[in-house]
**Q** 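Pasting in a structure now, in structure tokens, and then I'll have a few things to ask.
None of the values given here were measured: they were computed from a predicted structure. These numbers come from the heavy atoms of this one structure, side chains and all, not from hydrogens, waters or symmetry mates. As the structure lists them, so they are numbered: ligands from 1, and atoms in each ligand from 1.
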Amino acid sequence: MTTFHLNRCLSGFLKYTSKRTPISVLSRSFSSSDTLRKDDNSQLFDVVISGGGMVGAAMACALGHANVFEDKKILLLEASPQKDFKLPEKYGNRVCALSPATKKLLSGFGAWEEICNMRYQPVKRMQVWDACSDAFITLNHDDMTDDVAYIVENDVILAAIMKQFDKIKHNVTVMYNSKAEMYTFPSQIQDGVQENLWIKVHLPDGETFQTKLLIGADGFNSLVRKQANIHTLQWDYEQWGLVSTLHFAEPTENVVAWQRFLPTGPVAVLPLSETQSSLVWTTSPDEAKRLLKLPKENFVDALNMALWDEDKKDSFAVRAGQVAQDLINTVSPEGTSFRQLPPTFTDIEDESRAAFPLSLVHASHYVKPRLALIGDAAHRVHPLAGQGVNLGFGDVTCLRDVLVQCLCNGGDLGSLSHLLQYETSRQRKVLPVMFAMDGLKRLYGTDFPPVVVLRTLGLQATNSMKSLKDFFVTQATN
Ligand SMILES: Cc1cc2nc3c(=O)[nH]c(=O)nc-3n(C[C@H](O)[C@H](O)[C@H](O)COP(=O)(O)OP(=O)(O)OC[C@H]3O[C@@H](n4cnc5c(N)ncnc54)[C@H](O)[C@@H]3O)c2cc1C
């Protein structure tokens, strides 16, 4: 073959490798000894997970506990220092409503048992209602027997997962205080030699690691995503989520999660114990700043007003709703559900108020050759239905299953053909949830009367359809 022909072949090959599938093809064409540069002494890991938040840590645990990963090397890099967690008496102000599907994942490697040894509160029922009318919807299993969600503090979830690393020290290494500052992606062939087949991770102190598969779990500002040139669809909601820990005057059976839609954003109250609940109050940045500075008593008054006051009711929507409800009661009396009155709070925990800007972020791709994004690095949704971390844990379950299958078939962990199964499966789940949350946020973000009337009728009709509500409960819990 002449040099000309060789160059033609090579340039054709290079063109092919610049599309989305090439590296997996390359990885099947070269053995690791051919491809690693001889002067490169970085340690090689089968999987490096960048970001040890709730989702990244769960990913490391899920892989570390899988039989086929027994002899593999997994590295978890976390930017923040190691915390020696001791359950505090006071509840943390950051909590999540975990779904039964998340409970199943965490149970699989012992973290749920650990949560039970610390603390959590089951939710038997959710009640969501509109501040501009009397429309409401309740979601629960029949007779309120099964739990629809579990409220757990973020610190408790993370500590319970981290505790599981003791059992998998042989295949999982955790490095704290280790903020990856750069990633080098597989380079193309130069002078007929593959410069670097694996992804290289660089730490600020000059230490480097190579990996067959990099999993980006580094949150919504993901550096992995940025450096891999994965575009995002994103917008700022121009809303903040204000969190706090709330106190009741008297102990009560606290098993209902409440959410009231105000035109400024939803206010949600999640049960923590017989005497405490956790608040997520979505509102404009200016209002959030004002609420953060209010004296405690005034803040509690403002919150009780947000849950109870009738000022925003549209009289026409209320009347239209009553007529529709009478009709529903006549046609389908078994479909109606009872409305509970929301709680009233008497105090908040000192120093428990904090607020976070909210945005939507969605990565156009969740995978590239030798790369997968999980959790908020792949998708960040509005917290109004408490789905964010549950979607992240869903990514963990799906990616673990795909990678286990890949190894069982003797495949390459970074091969795009496997990773694409993960992407397709997760985007089918995440996109409808993300757009539903976004749509609800917009639908309830107005007090324009025709919209209020339409959503009142829609919510009441939905509340009367048991099969549709059962479907919502199933979707939210899986
Ligand atoms: C107000 C509010 C309420 C919410 N309520 C709920 C709820 O009820 N239910 C629910 O499911 N979700 C909820 N969410 C969403 C949930 O908190 C997030 O989806 C979840 O925290 C995302 O977890 P993550 O591990 O993907 O990302 P993160 O929690 O952002 O973790 C990323 C980790 O990566 C580390 N990191 C970053 N860069 C690097 C680097 N270069 N190298 C190494 N490490 C790095 C960080 O230190 C961090 O530990 C809520 C969110 C908000 C704002």
**Q** Is the backbone N or O of Gly216 less than 3.5 Å from a side-chain atom of Arg225, with the two atoms forming a donor-acceptor pair by type?
**A**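 Not a single qualifying donor-acceptor pair exists.
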**Q** Is Asp218 reaching over with its side chain to a backbone N or O of Val224, donor-acceptor style, under 3.5 angstrom?
**A**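 It does hold such a pair.
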**Q** So, for atom 29 (O) of ligand 1, does the protein have a heavy atom nearer than 4.0 Å?
**A**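 Within 4.0 Å: no protein heavy atom nearby.
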**Q** Find all atoms of ligand 1 within a distance of less than 4.0 Å from any non-hydrogen atom belonging to Gly375, and give their numbers and elements.
**A**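 What qualifies from ligand 1 is 26 (O).
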**Q** So, 4.0 Å and heavy atoms of Gly392: is ligand 1 close enough to count as a contact?
**A**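 No; Gly392 lies far enough from ligand 1 that no heavy-atom distance drops under 4.0 Å.
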**Q** Test of understanding: with side chain to side chain donor-acceptor pair (under 3.5 Å), list the residues that count as partners of Lys167, not counting sequence neighbours.
**A**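 Lys167 satisfies side chain to side chain donor-acceptor pair (under 3.5 Å) with Gln164 only.
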**Q** Can you sort out which atoms of ligand 1 are near Gly219, meaning under 4.0 Å from one of its heavy atoms?
**A**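 It comes down to these atoms of ligand 1: 27 (O), 30 (O), 32 (C).
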**Q** For Thr264, does its backbone N or O pair with a side-chain atom of Gln239 as donor and acceptor, under 3.5 Å?
**A**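 Checked: pair present.
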**Q** If you have a sec, work out which protein heavy atom is nearest atom 48 (C) of ligand 1 and how many Å separate them, to one decimal?
**A**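 It is Glu78 OE1, 3.7 Å.
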**Q** If you measure every N or O of Ala377 against every N or O of ligand 1, does any of those distances drop under 3.5 Å?
**A**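 No; the residue has no nitrogen or oxygen that sits under 3.5 Å from a nitrogen or oxygen of the ligand.
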**Q** Keeping Arg94 on the side-chain end and Val243 on the backbone end, is there a donor-acceptor pair under 3.5 Å?
**A**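 Between the backbone of Val243 and the side chain of Arg94 there is no qualifying donor-acceptor contact (under 3.5 Å).
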**Q** Please state which option from Gly51, Ala217, Ala378 has its nearest heavy atom closest to atom 32 (C) of ligand 1.
**A**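 Looking at heavy atoms only, the winner is Ala217.
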**Q** Would you indicate whether the side-chain heavy atoms of Leu63 and Asp46 approach each other to under 4.5 Å?
**A**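 Asp46 vs Leu63: side chains apart.
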**Q** Pairs of nitrogen or oxygen atoms closer than 3.5 Å, one from Asn390 and one from ligand 1: do any exist?
**A**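 Between Asn390 and ligand 1 (N or O atoms, distance only) the closest approach is under 3.5 Å.
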**Q** Counting heavy atoms only, name the option from Leu158, Ile151, Val55 that's nearest to atom 24 (P) of ligand 1.
**A**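 Looking at heavy atoms only, Val55 sits closest to atom 24 (P) of ligand 1.
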**Q** Does Val48 offer a backbone N or O that forms a donor-acceptor pair with the side chain of Thr211 under 3.5 Å?
**A**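 The answer is yes, because a donor-acceptor pair under 3.5 Å joins these two groups.
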**Q** Would you mind checking which non-hydrogen protein atom is closest to atom 19 (O) of ligand 1, with the distance to 0.1 Å?
**A**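 In this structure, atom 19 (O) of ligand 1 has Asp376 OD1, 2.8 Å as its nearest protein heavy atom.
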**Q** Would the distance check show the side chain of Ser107 and the main-chain N or O of Lys103 forming a donor-acceptor pair, the cut-off being under 3.5 Å?
**A**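 At least one qualifying donor-acceptor pair exists.
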**Q** Among protein heavy atoms, which sits nearest to atom 12 (N) of ligand 1, and what does the distance come to when rounded to 0.1 Å?
**A**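 The closest heavy atom on the protein side is Val389 N, 3.1 Å.
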**Q** Any nitrogen or oxygen of Arg380, side chain or backbone, less than 3.5 Å from one on ligand 1?
**A**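 N/O-N/O distance under 3.5 Å: no.
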**Q** Of the protein's non-hydrogen atoms, which lies at the shortest distance from atom 14 (N) of ligand 1, and what is that distance?
**A**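 The closest heavy atom on the protein side is Cys96 SG, 4.4 Å.
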**Q** Under 4.0 Å from a heavy atom of Gly388: give me the atoms of ligand 1 that qualify, with their elements.
**A**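 So the atoms of ligand 1 that pass are 10 (C), 11 (O), 12 (N), 19 (O).
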**Q** For ligand 1, which atoms have a heavy atom of Gly53 less than 4.0 angstrom away?
**A**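 Checking each atom against Gly53, I get 25 (O), 31 (O), 33 (C), 49 (O).
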**Q** Quick one: which of Ser178, Gly52, Pro204 has a heavy atom closest to atom 43 (C) of ligand 1?
**A**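 Ranked by closest heavy atom to atom 43 (C) of ligand 1, first place is Ser178.
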**Q** What atoms in ligand 1 come closer than 4.0 Å to a heavy atom of Leu77?
**A**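 Near Leu77, the atoms of ligand 1 are 43 (C), 44 (N).
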**Q** Any N or O on Ala180 sitting closer than 3.5 Å to an N or O of ligand 1?
**A**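 Ala180 vs ligand 1: N/O contact under 3.5 Å present.
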**Q** Provide, to 0.1 Å, the distance between atom 39 (C) of ligand 1 and the closest protein heavy atom, together with that atom's residue and name.
**A**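 Nearest neighbour among protein heavy atoms for atom 39 (C) of ligand 1, to 0.1 Å: Asp218 CB, 3.8 Å.
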**Q** Just distance, no hydrogens or angles: give the donor-acceptor pairs under 3.5 Å from side chains in residues 79-90, sequence neighbours left out.
**A**
unit_1, atom_1, unit_2, atom_2, d
Ser80, OG, Glu78, OE2, 2.6

**Q** Quick one, Gln276 and Glu349 - any side-chain contact, counting heavy atoms below 4.5 Å?
**A**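 Yes, at least one pair of side-chain atoms sits under 4.5 Å.
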**Q** For atom 2 (C) of ligand 1, which candidate among Met175, His379, Arg94, Gln227 provides the closest heavy atom?
**A**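 It is Arg94 that holds the nearest heavy atom.
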**Q** Side chain of Trp235, backbone of Val361: donor and acceptor closer than 3.5 Å?
**A**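 No, because the side chain of Trp235 does not come within donor-acceptor range (under 3.5 Å) of the backbone of Val361.
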**Q** Between Gln210 (side chain only) and Ser42 (backbone N and O only), is there a donor and an acceptor less than 3.5 Å apart?
**A**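 Not at all, since once roles are kept as given, no pair shorter than 3.5 Å links the two residues.
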**Q** Give yes if a backbone or side-chain nitrogen or oxygen of Ala79 is under 3.5 Å from a nitrogen or oxygen of ligand 1, and no if not.
**A**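 Among all N and O atoms of Ala79, at least one is under 3.5 Å from an N or O of ligand 1.
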**Q** Indicate the ring-plane relationship of Tyr366 and Tyr422, choosing parallel, tilted or perpendicular according to the 30° and 60° boundaries.
**A**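 Correct class here is tilted.
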**Q** Looking only at distances, can you tell me whether any N or O atom of Ser80, backbone or side chain, sits closer than 3.5 Å to an N or O atom of ligand 1?
**A**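 For ligand 1, there is no N or O atom that lies under 3.5 Å from one belonging to Ser80.
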**Q** Any side-chain to backbone donor/acceptor pair from Arg260 onto Trp129? Under 3.5 Å, distance only.
**A**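 Between the backbone of Trp129 and the side chain of Arg260 there is no qualifying donor-acceptor contact (under 3.5 Å).
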**Q** Considering only non-hydrogen protein atoms, determine which one is nearest to atom 3 (C) of ligand 1 and report residue, atom name and distance to 0.1 Å.
**A**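 Sorting protein heavy atoms by distance from atom 3 (C) of ligand 1 puts Pro383 CB, 3.9 Å first.
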**Q** Quick test: of every protein heavy atom, which one is nearest to atom 8 (O) of ligand 1, and how far off is it to 0.1 Å?
**A**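 In this structure, atom 8 (O) of ligand 1 has Ala97 N, 3.1 Å as its nearest protein heavy atom.
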**Q** For ligand 1 and Gly241, I'd like to know whether there is a polar contact (N/O to N/O, distance under 3.5 Å).
**A**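 By distance alone, the answer is no.
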**Q** So which protein heavy atom does atom 9 (N) of ligand 1 come closest to, and at what separation?
**A**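 Result for atom 9 (N) of ligand 1: Gly386 O, 3.2 Å.
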**Q** As a test of understanding, state which of Asp347, Asn304, Leu292, Leu294 forms a side-chain contact (heavy atoms from CB on, under 4.5 Å) with Phe299.
**A**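 The single option meeting the side-chain contact (heavy atoms from CB on, under 4.5 Å) with Phe299 is Leu294.
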